[in-house]
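Okay, structure first, notes after.
Here is how names work: the chains are called A, B, and so on, in the same order as the sequence lines, proteins then strands, and each is numbered from 1.
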Amino acid sequence: MLVIAMQLSLETAKIALFQVTPIALKAHLTELLMLAAKAVAPDQADLSLLLERPKSAEHGDFATNLAMTLARTLKQNPRVIAENLIRALPTSPYVAKTEIAGAGFINFYLSPAAKHAVIERILAQGAAWGHCNDGQGRRVQVEFVSANPTGPLHVGHGRGAAVGDCLARLLGATGWNVTREFYYNDAGAQIDNLTLSVQCRCKGLTPEDPTWPENGYRGDYITDVARSYMAQEAVAADDRQVRGAGDPEDMAAIRAFAVAYLRREQDLDLRAFDVHFDIYSLESALYSEGKVEQTVHDLVSSGHTYEQDDALWLRTTEFGDDKDRVMKKRDGGYTYFVPDVAYHVDKWQRGFERVINEQGADHHSTITRVRAGLQALDIGIPQGWPDYVLHQMVTVMRGGEEVKISKRAGSYVTLRDLIDEVGLDATRYFLAARRADSQLIFDIDLARAHTNDNPVYYIQYAHARICSVLAEWGGDTTTLATADLSPLQLPHELNLLQRLSEFPETVQNAARELSPHLIAYYLKDLAGDLHSYYNAEKFLVDDETVKLARLALVTAARHALYNGLQLLGVSAPQKM
RNA sequence: GCCCCCGUAGCUCAGUGGAUAGAGCAUCCCCCUCCUAAGGGGAGGGUCACACGUUCGAUUCGUGUCGGGGGCACCA
């Protein structure tokens with residue numbers, strides 16, 4: 001809802017043609033409407049004015065419900081108010097027609113010149129088309145994947161990687177200064193378990209052995225770790241390097257090696273997925289650098305803790321939790337949310353006024369506790385900081401049946417399995433193209449199908465088709481920026497222009513809503529418009545003016561397809 | 001039992017206070033003398049889980065019920 005004070009003059013409503021952008025156009029129409037509203041309802045101090053893009057082209061290019069919202073105070077029929085508004089509306093070179101429809105909607109039809117302007121805009125901006133400066137260079141951290149080094153990444157991590165990485169790309173495209181961070185625990189009980197499992201394999205034990213640890217890791221990859229350790233191989237992960245000691249009794253050496261080995265495996269998978277991190281943070285460092293102790297100390301000082309039953313409690317109920325939580329256990333150890341709070345204090349102190357944690361939905365219970373701990377510290381952290389994006393479970397299907405087992409990992413499907421089987425582009429697309437908060441069924445058969453069933457190829461093909469036409473033409477696309485666009489009048493052309501003009505707001509919206517899937521849907525629609533157009537009309541026609549206008553249009557579409565695919569981390573091939 | 005997410009066409013999913021609820025797949029029909037048919041055009045298919053409420057108007061907001069999933073430890 002846009003609330004605008006009614007102090008506008010006709011002068012400010014004038015916009016030079018070369019400046020017309022979808023957003024400026026919207027502002028232009030808003031100003032025209034405000035002027036009309038002032039004439040029709042002079043007593044109205046301020047107005048909430050909604051100008052939207054109708055879903056159907058039959059309802060014009062823009063529509064407003066202004067007459068309906070005025071109906072109550074003016075005590076008049078909305079349609080009558082709408083008539084008066086239209087009569088009072090200043091004329092504009094960008095508005096071809098207005099009409100009243102439905103219960104009192106006013107529909108605006110733009111002039112062709114207003115619609116054509118988007119092409120010049122796109123051709124001028126190129127790779128920057130669709131980007132904006134909402135973030136104004138402010139720093140944001142996106143923490144995602146954050147898998148512990150106890151095994152290969154599974155599909156769930158893949159979804160986190162795809163969604164988190166797309167979020168980072170979206171935020172970058174909308175003017176934020178993005179840091180990608182990966183957090184993991186290299187010292188907890190699960191790592192002890194890992195160490196023990198590797199040691200058993202070093203000694204030649206198998207999970208079938210009666211002495212195999214009850215909760216030991218059973219996957220084949222443990223054998224690989226053990227073999228490599230015994231062979232004294234060197235492994236280098238993105239954030240650490242270790243050589244295997246070859247001594248099956250040296251638990252510390254096994255632990256360090258296993259962690260490095262599995263981190264390297266994860267790094268390889270992530271690299272194959274085209275996902276990269278700026279920083280790796282260790283839970284163990286929070287302890288060794290005294291940050292956990294400091295946080296506990298600060299929480300005690302803040303007065304929100306108490307002792308009971310030989311344990312130290314945090315009064316999280318003061319901050320919206322349904323019961324208080326133990327911080328320090330009877331045995332002296334801390335519960336898991338304490339380092340989590342310490343970690344987020346650290347993020348805050350590093351200057352991230354905005355932090356987005358992309359996690360699996362199974363971690364949702366930590367949100368309240370972490371935020372409560374941060375509020376209890378009373379160090380100026382806003383309520384509701386940090387943001388969370390939680391993704392739901394992924395089910396993998398093949399041949400109509402659920403796939404559960406990976407030979408390598410044992411009990412789950414790995415990200416690597418998917419990349420190997422269906423390819424990088426399709427895997428990324430399928431994992432990012434759904435709303436994070438709905439459960440996802442990953443259909444391997446569909447994802448690997450090189451047919452029109454597969455939305456990835458459908459979109460990429462639209463891009464490749466344009467490239468192919470441009471190659472056939474053989475001209476210099478930079479000359480298209482000055483093409484005469486007036487021949488573009490066909491419904492297919494106007495549809496495509498309309499779709500193109502929606503790209504910037506789609507990007508903006510996707511970033512604001514933290515919803516990368518909106519980009520995927522936009523691209524599918526855009527590709528559909530392009531394919532329809534392609535099928536209906538030939539671009540390389542004899543009429544030079546028509547040809548250049550069409551080439552300018554599809555070149556603009558190519559930029560939008562390319563930039564959109566970039567945001568998803570999916571390639572835009574020139575040939576298929 | 002409590003908390004979170006979801007419930008939209010046969011299937012997979014968009015939409016989310018407004019005008020006849022959309023797409024892809026599947027089903028049926030049609031289109032390559034033409035820049036890649038990895039394409040296009042058309043048909044059928046829906047009480048937007050259900051009930052009540054707020055509103056001029058609810059698939060969208062609120063409450064409740066039912067279904068699916070996940071979380072509910074002095075585990076991480």
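For the pair N454(A) CG and C11(B) P, the computed distance is 21 Å after rounding to whole Å. Taking atom OH of Y522(A) as the reference point, atom C1' of G15(B) lies 17 Å away to the nearest angstrom. For I191(A) and A76(B), the CD1 to P distance is 13 Å, given to the nearest whole Å. For the pair R435(A) CZ and C4(B) C1', the computed distance is 14 Å after rounding to whole Å. Distance CG (D425(A)) to P (A38(B)): 18 Å, rounded to an integer number of Å. In this structure, the OH atom of Y461(A) is 17 Å from the P atom of G24(B), given to the nearest Å. The NZ-C1' distance, from K538(A) to A37(B), rounds to 15 Å in whole Å. Nucleotide C5(B) holds its C1' atom 13 Å from the NE2 atom of H391(A), rounded to whole Å.
Ranking C6(B), G40(B), G24(B) by closeness to the K524(A) side chain, first place goes to G24(B). Residue K323(A) has its side chain nearest to A73(B) when only A76(B), G70(B), A73(B) are considered. Nearest to the side chain of E283(A), among A76(B), C5(B), C35(B), sits A76(B). Comparing G15(B), G69(B), A76(B) by their nearest atom to the side chain of Q392(A) picks out G69(B). Listed nucleotides: A14(B), C74(B), C3(B). Nearest to the side chain of D309(A): C74(B).
With hydrogens and angles ignored, the 3.5 Å screen pairs a side-chain donor or acceptor of H531(A) with a backbone N or O of Y458(A). Using modelled atom types, one side-chain atom of H157(A) and one backbone atom of H154(A) make a donor-acceptor pair closer than 3.5 Å. In terms of modelled atom types and a separation under 3.5 Å, the side chain of T64(A) and the main chain of L66(A) share a donor-acceptor contact. Checked by atom type and distance alone, the side chain of D543(A) pairs as donor or acceptor with a backbone atom of V546(A) at under 3.5 Å.
In this structure, S532(A) reaches the G41(B) phosphate: one of its side-chain N or O atoms is under 4.0 Å from OP1 or OP2. In this model, the phosphate group of U36(B) is approached by a side-chain N or O of S468(A) to a distance below 4.0 Å at OP1 or OP2. Within the structure, a side-chain polar atom (N or O) of K329(A) is placed less than 4.0 Å from OP1 or OP2 of C75(B). For the pair R465(A) and A37(B), the criterion of a side-chain N or O lying under 4.0 Å from OP1 or OP2 is met. Between S365(A) and C2(B), a side-chain N or O to OP1/OP2 separation shorter than 4.0 Å is absent. Note on H517(A): a side-chain N or O is less than 4.0 Å away from OP1 or OP2 of G15(B). For A38(B), the OP1/OP2 oxygens have no side-chain nitrogen or oxygen of Y534(A) closer than 4.0 Å.
Looking at heavy-atom distances under 4.0 Å, R434(A) makes contact with sugar-phosphate atoms alone, never a base. E513(A) comes within contact range of no nucleotide atom at all, as no heavy-atom separation falls under 4.0 Å. Among the protein residues, K575(A) comes within range of the nucleic acid bases, having at least one heavy atom under 4.0 Å from a base atom. Residue contacts shown for L390(A) are absent, as no nucleic acid heavy atom lies under 4.0 Å away. Within the nucleic acid shown, A464(A) comes within 4.0 Å of at least one base atom, counting heavy atoms only. No engagement by Q460(A) is indicated, since no non-hydrogen atom pair under 4.0 Å with the nucleic acid exists. Residue M576(A) is in base contact, counting any heavy-atom pair closer than 4.0 Å across all strands shown. Among the protein residues, I441(A) comes within range of the sugar-phosphate backbone only, with heavy atoms under 4.0 Å from sugar or phosphate atoms but none that close to a base. Using a 4.0 Å heavy-atom cutoff across all strands shown, H531(A) reaches sugar-phosphate atoms only and no base atom. Within 4.0 Å (heavy atoms only), Q439(A) reaches at least one base atom of the nucleic acid. Note on Y334(A): only backbone sugar-phosphate atoms sit closer than 4.0 angstrom, heavy atoms only; bases stay farther off. Across all strands, N107(A) comes closer than 4.0 Å to base atoms (heavy-atom distances). Among the atoms of the strands shown, only primed sugar atoms or phosphate atoms (P, OP1, OP2) are found under 4.0 Å from some heavy atom of L440(A).
Ring orientation note: the planes of Y183(A) and Y343(A) are close to parallel, at an angle under 30° on the 30°/60° scale. The aromatic rings of Y184(A) and Y280(A) lie perpendicular to each other, with more than 60° between the two planes, well past the 30° mark.
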Any protein N or O atoms within reach of nucleotides 59-64 of chain B? Criterion: under 3.5 Å, listing atom names and distances.
none

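Base orientation of C56(B): anti (glycosidic angle beyond 90° from 0).
Across all strands shown, G67(B) pairs with C6(B); the Watson-Crick or G-U wobble distances both stay below 3.5 Å. Nucleotide A73(B) has no partner under the Watson-Crick or G-U criteria, as no pair reaches both atom distances under 3.5 Å. Nucleotide U36(B) is matched to nothing when pairs are restricted to Watson-Crick or G-U wobble geometry with both distances under 3.5 angstrom. When both distances must be under 3.5 Å, the Watson-Crick or G-U wobble mate of A21(B) does not exist. If you check U59(B) for Watson-Crick or wobble pairing at under 3.5 angstrom, you find it has no partner at all.
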Show me the side-chain donor-acceptor pairs of residues 569-576 of chain A shorter than 3.5 Å, one per line, residues at least two apart or across chains.
residue, atom, partner, partner atom, Å
S571(A), OG, D425(A), OD2, 2.6
S571(A), OG, Q460(A), NE2, 3.3

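Judged by distance alone, with hydrogens and angles left aside, Y457(A) brings no side-chain donor or acceptor close enough to the base of A38(B) to form a pair under 3.5 Å. The base of A76(B) has none of its N or O atoms less than 3.5 Å from a complementary donor or acceptor on the side chain of N193(A).
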Using the salt bridge (charged side-chain N to carboxylate O under 4.0 Å, His left out) rule, take R434(A) and D437(A) through it: C-alpha gap first, then chi angles, then the decisive distance, then the call. CA-CA 8 Å; R434(A) 298 260 188 280; D437(A) 59 10; over 6 Å; no
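Around CG of D542(A), the count of heavy atoms belonging to other residues, nucleotides or ligands within 6.0 Å does not exceed 12.
Checked against the 6.0 Å centroid threshold, F319(A) and H304(A) count as a close aromatic pair.
Stacking annotation: F105(A) is not stacked on the base of G18(B) (requires ring centroids less than 5.5 angstrom apart and an interplanar angle below 30 degrees).
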